[in-house]
Amino acid sequence: MFRSLWQYRHFIISSIRGELKGRFVRSRLGGLWFILHPLAQALIFSIVLSEVLKARLPDTDSPAAYPIYLLSGMAAWNLFSEILTRSMTVFIEQASVMKKIAFPRLCLPVIVGGTALINHLLLLVALFIIFIFLGHIPGRALILLPIGIVLIAAIGFGLGVILGVMNVFIRDIAQVMTIMLQLWYWLTPIVYPANVLPEKYSFVIGLNPVAPLVALYQDALLFNRWPNPESLVMPAVLGLLSVTFAMIFFRRASPELIDVL
Amino acid sequence: MTVLSVSHLSKRYANYASSLERFAGWFGAPVKPTDEFWPVKDISFSLAAGEALGLIGQNGAGKSTLLKLITGTVRPTEGTAHVGGRISAILELGLGFNPEFTGRQNAYHAGGLMGLSQARLAELMPHIEDFAEIGEFFDQPVRTYSSGMQARLAFALATAERPEVLIVDEVLSVGDSYFQHKSFDRIRSFKAAGTSIILVTHSLGDVRSLCDRVILLDKGHVLKDGSPDEVVDYYNAMIATKENEKLKVEQRREKDGWAFTRSGTFQVKASTLELLDAESGEPVKVASIGQSLVLRLVAKAETDVSRLVLGFMLRDRTGHIVWGTNTWHTQQALQNVKAGEEIEFQLPFTCTLGQGSYSFSPSLASSDTHLEDNYEWQDNALVFDVINATQPFFIGTSALDARFVIRGVGA
């Protein structure tokens, strides 16, 4: 399975290039949108939440702290949700190619994952530029960010492929998941800090495998704190399990996948 | 040497009570499908190197599924398709192209999707550019292409390297006739070099001109496997049968090699069909160029029919239609023919055909297509030869009234 992916590496790379190109080609500002999108998002949330609702981050008084907190968490979440939602629908989108050309189908989610990762790296560069303007330079904890990237990508990819295969047979899955993802987003401390939650709800965060990874981003990019290693055990185990199961599930489903597309 | 061998190939599409049952089935749970459908059932054939096979059949006969099974995108439920070498399938032109990439980038991109290495593609690139003949557009984004240009690029890429097996599914109808000819030439040269070809088309003329052999599929089964003229005529008769359950089809191969096919309800039958010399009225087996001839047919109605149309089709030895029309087009359709009535049709004409063997196929029907009410359709019912006794040698099926005019136009 992996050797055939290697054989098709040029196709995968050129597909990723095509996806990125397709996103910005023929827009006047081109790649600048990488910075403008998150900036606008952070600006809106900051104004609404910190100015209108007078929300303040505990432990810090800097006015820039909240937008940075927000941008870090959103970056982590967007990577997760992009890989998940795109893997979930990629088989249906590419149905005609899959039906008519013989090639390793696993290329498709790999292209999705690769595109999201490169997008994410560009976004991180954009965030750095924004942070510098806000007068904030992330500290040493930044070197742990790759752990967060790998685990988020693994969980997103694993779940995405499993749900993507199921979605070919039961098309409601993608619909349900878009709603579930909204809920999931609000059950993750991205817009609000974890400690504002009432005690009786904090178990929800404990069950949420994405929460520690979002926290890792916030720690690395804002607080310059080392993450609690224990909190990463659950996401790591889940990431490994979901990718392994996704591979097995995909293999078993492969012969019938085309039949219903 | 056998390049492709398909044995007992079958495909089942299954429905389950719920998708969960289907998922459980992948992991070994004993689940039974609630209903199943076999688009391809127990098909076996083999292809030798350089052999061209035409695949015909109505929509839903299983042609596309069979091609996908051979190509490998769809996995067989039973049986195997063994390919000895590289297989290239053109099931849809321009598949996998990215509209933002230039033609060249797309050739690398989609070429990679087809499994060619980048190094090999770099070697082939000049040939692809050359064959596509789209000039400067080769380095423009594909979204600026016309559909014909896209087809040119796609075909050039798909046939850049000669495969052992080439599968072409109804894609050659796109593009202008110049490129169609060029594409067919390339397919022919592949064939000559030893590539086995499977061609799916509704253009029965293409089948006759390119294929050595034709398989007619119906409801997932092989209905007929044989020479092009035989199978194509059978198919035509079968189309009529679909429209009218009372139809009968009979087919045999004559001693002279022409396949005779007869089908219809036989409410009206041709009792006599003969080719006569216009002056003497004697039957003609061998005509010479320039001779005045009369084709004579006598039809007898067995039952009352509201309208009767006679059509004639003239074919050459390869099955190409040289000429054909019917009394519907000439506005000579007969109305209200009574049972027992006998009608004589005469078609006087001058033999302006080239040297060779020809056949007339008469049809008696109620309108201009034999699909509505086919009383009697006979393929190659009357066979005759044309010899050139009067004119300088020429090739082709038409004796054009043409002469060279030669003069000097300068010192």
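Letters go in sequence order (proteins before strands), and every chain restarts at 1. Being a predicted model, the structure only gives us computed values, none of them experimental.
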- [ ] Run the ring-centre check on A/His10 versus B/Tyr108 and record whether the distance is less than 6.0 Å.
- [x]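 Between A/His10 and B/Tyr108, the centre distance exceeds or equals 6.0 Å.
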- [ ] Pick one of side chain, backbone, both or neither for A/Met166, based on which atoms fall under 4.5 Å of a heavy atom in chain B.
- [x]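 Backbone plus side chain of A/Met166, per the 4.5 Å heavy-atom cut-off to chain B.
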Output the distance between atom [atom1] ([X]) and atom [atom2] ([Y]), rounded to the nearest 0.5 Å.
X        : Y       : atom1 : atom2 : answer
A/Glu256 : B/Thr77 : CD    : OG1   : 8.5 Å
A/Phe249 : B/Phe27 : CZ    : CZ    : 5.5 Å
A/Lys99  : B/Thr71 : NZ    : OG1   : 14.0 Å
A/Ser96  : B/Leu91 : OG    : CG    : 11.0 Å
A/Ile101 : B/Ser88 : CD1   : OG    : 9.5 Å
A/Lys100 : B/Leu67 : NZ    : CG    : 10.0 Å

Open item on the list: More than 12 heavy atoms of other residues, nucleotides or ligands under 6.0 Å from CZ of A/Arg251: yes or no?
Closed with: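 12 or below, so no.
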Task: Contacting moiety of B/Tyr16, where chain A heavy atoms sit under 4.5 Å - done: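 Answer is side chain: those atoms of B/Tyr16 sit under 4.5 Å from chain A.
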Task: Proximity breakdown for B/Arg12 and chain A, heavy-atom pairs closer than 4.5 Å - done: backbone
With a 4.5 Å limit on heavy-atom distance, are the side chains of [X] and [Y] in contact?
X        : Y        : result
A/Gln7   : B/Ser117 : no
A/Ser15  : B/His109 : yes
B/Trp26  : A/Ile248 : no
B/Leu113 : A/Val97  : yes
A/Arg105 : B/Thr73  : yes
B/Phe101 : A/Arg17  : yes

TODO: Just do the side-chain contact (heavy atoms from CB on, under 4.5 Å) check on B/Lys11 and A/Asp259 with the steps written out, would you?
DONE: CA-CA 10 Å; B/Lys11 178 66 190 176; A/Asp259 296 2; 2.9 Å; yes
- [ ] May I have the step-by-step check of side-chain contact (heavy atoms from CB on, under 4.5 Å) for A/Phe169 and B/Leu20, ending in yes or no?
- [x] CA-CA 9 Å; A/Phe169 300 93; B/Leu20 290 179; over 6 Å; no
Open item on the list: Once ring-ring contact (aromatic ring centres under 6.0 Å, His included) is applied, what residue pairs with a partner in residues 68-88 of chain B remain, sequence neighbours excluded?
Closed with: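 Residue pairs passing ring-ring contact (aromatic ring centres under 6.0 Å, His included), neighbours aside: none found.
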TODO: In plain terms, say whether A/Lys21 and B/Glu100 are close enough for a salt bridge, that is, a side-chain N and a carboxylate O under 4.0 Å apart.
DONE: no
